[in-house]
Amino acid sequence: MAEARTMFIVMRKDLVKVLNWPLGSIVSQGSHAAVAAIHKFREDERVKTYLSDVDGMHKVVLETKNEASLFKVADSLKQQDIPFYLWVEQPENTPTCLATIPVMRSDLGDALKKCSLLR
């Protein structure tokens, strides 16, 4: 089976565990980041390919500890030249998550190695 393009959404775990954000708000943050990444990079061939097969879309939602670790993930993605969108909730001006464009897992290198599945 061929490797599938996958969007990776990285959420801050402390939004739930420390700041007590409700589940609906957390889901909304990830949704905002995913749509923003698709829109911002809509001319990228990887995005066009991903959107051409709506029924075959793959997403993985990961967690990172807090704001500082979210910024470290962002830096790692930059080093791997993986385009992403960092969602900053307004009017609070709170960075909550990021979403990559659809990529092959093999293209990530170790950019997300410190992240685990969101639980």
Side-chain angles (χ1 to χ4, degrees):
M1 184 181 217
E3 183 181 12
R5 291 195 186 280
T6 303
M7 286 190 77
F8 292 88
I9 301 166
V10 182
M11 309 290 308
R12 285 177 45 190
K13 188 172 186 169
D14 67 327
L15 295 177
V16 174
K17 299 289 184 182
V18 178
L19 301 175
N20 298 313
W21 283 34
L23 180 59
S25 294
I26 299 301
V27 172
S28 294
Q29 299 304 300
S31 299
H32 292 326
V35 171
I38 290 292
H39 178 70
K40 181 175 181 182
F41 299 104
R42 65 189 171 278
E43 297 304 322
D44 189 291
E45 286 304 316
R46 295 166 289 187
V47 173
K48 290 179 180 181
T49 300
Y50 183 77
L51 292 174
S52 71
D53 182 16
V54 173
D55 293 331
M57 291 180 170
H58 291 84
K59 291 177 187 59
V60 174
V61 182
L62 303 170
E63 66 183 21
T64 191
K65 187 176 178 180
N66 54 31
E67 184 176 323
S69 63
L70 182 65
F71 286 133
K72 287 180 184 175
V73 169
D75 288 340
S76 293
L77 289 167
K78 286 177 191 171
Q79 291 173 8
Q80 293 292 330
D81 292 321
I82 304 292
F84 65 92
Y85 192 92
L86 176 69
W87 186 259
V88 180
E89 182 64 6
Q90 298 298 333
E92 299 87 352
N93 203 36
T94 302
T96 58
C97 61
L98 62 78
T100 69
I101 66 164
V103 295
M104 302 297 191
R105 270 184 209 265
S106 57
D107 293 337
L108 286 172
D110 61 359
L112 301 178
K113 72 179 182 181
K114 294 188 177 180
C115 298
S116 57
L117 289 175
L118 178 67
R119 301 201 186 280

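Atom set for the values below is all heavy atoms of this structure, side chains included, hydrogens, waters and symmetry mates excluded.
In this structure a side-chain-to-backbone donor-acceptor pair under 3.5 Å is missing from T6 to P102. Between the side chain of D53 and the main chain of G56, a donor-acceptor pair closer than 3.5 Å is present. Not a single donor-acceptor pair under 3.5 Å links the side chain of T49 to the backbone N or O of R46. Between the side chain of D110 and the backbone N or O of K113, no donor-acceptor pair lies under 3.5 Å. Judged purely by atom type and a 3.5 angstrom limit, S28 uses its side chain to pair as donor or acceptor with the backbone of G24.
A salt bridge is absent between R119 and E63: the closest approach of a Lys/Arg side-chain nitrogen to an acidic carboxylate oxygen does not fall below 4.0 angstrom.
For the atom pair CD1 of I101 and CG of D107, the computed distance is 9.0 Å after rounding to the nearest 0.5 Å. Between atom CG of residue L118 and atom CD1 of residue I26 there is a gap of 8.0 Å, rounded to the nearest 0.5 Å. In this structure, R12 CZ and T64 OG1 are separated by 9.5 Å, a value rounded to the nearest 0.5 Å. Between the NZ atom of K78 and the CG atom of D81 there is a distance of 11.5 Å, given to the nearest 0.5 Å. Here T100 contributes atom OG1 and L62 contributes atom CG; the two are 9.0 Å apart, rounded to the nearest 0.5 Å. Rounding to the nearest 0.5 Å gives a distance of 10.5 Å between NE2 of H58 and CD of E3.
Both V60 and L108 sit in one connected hydrophobic cluster of ILVMFWY residues. Membership requires side-chain heavy atoms under 4.5 Å apart, directly or through other members. Using a 4.5 Å cut-off between side-chain heavy atoms of Ile, Leu, Val, Met, Phe, Trp and Tyr, with links allowed through other members, Y50 and L98 fall into the same hydrophobic cluster. W87 and V10 are not part of a single hydrophobic cluster, where members link through side-chain heavy atoms under 4.5 Å apart. In terms of hydrophobic clustering, with Ile, Leu, Val, Met, Phe, Trp and Tyr side chains grouped at heavy-atom distances under 4.5 Å, L70 and L117 are assigned to a common cluster. A chain of hydrophobic side-chain contacts below 4.5 Å, direct or via other Ile, Leu, Val, Met, Phe, Trp or Tyr residues, connects M11 to V18.
In this structure, A36 and Y85 approach most closely via the heavy-atom pair CB-CD2, 3.5 Å. Across all their heavy atoms, A99 and M7 have their closest contact at CB-CE, 4.3 Å. Contact record, A111 with L77: CB-CD2, 3.8 Å, taken as the closest heavy-atom pair. In plain terms, the two heavy atoms of F84 and F41 that are nearest each other are O-CE1, 3.5 Å.
In K48, the NZ atom is crowded: over 12 heavy atoms of neighbouring residues, nucleotides or ligands sit closer than 6.0 Å. Applying the 6.0 Å contact sphere to NZ of K17 captures no more than 12 heavy atoms from other residues, nucleotides or ligands.
Side-chain contact between C97 and H32 is absent, with no heavy-atom pair separated by less than 4.5 Å. Between F8 and R105, the closest side-chain pair of non-hydrogen atoms falls below 4.5 Å. Proximity of V73 to L112: side-chain heavy atoms (C-beta onward) are separated by under 4.5 Å at one or more points. Contact check for V16 versus N20: no side-chain heavy atoms found under the 4.5 Å cut-off. Side-chain contact between D14 and K65 is absent, with no heavy atoms from C-beta onward closer than 4.5 Å.
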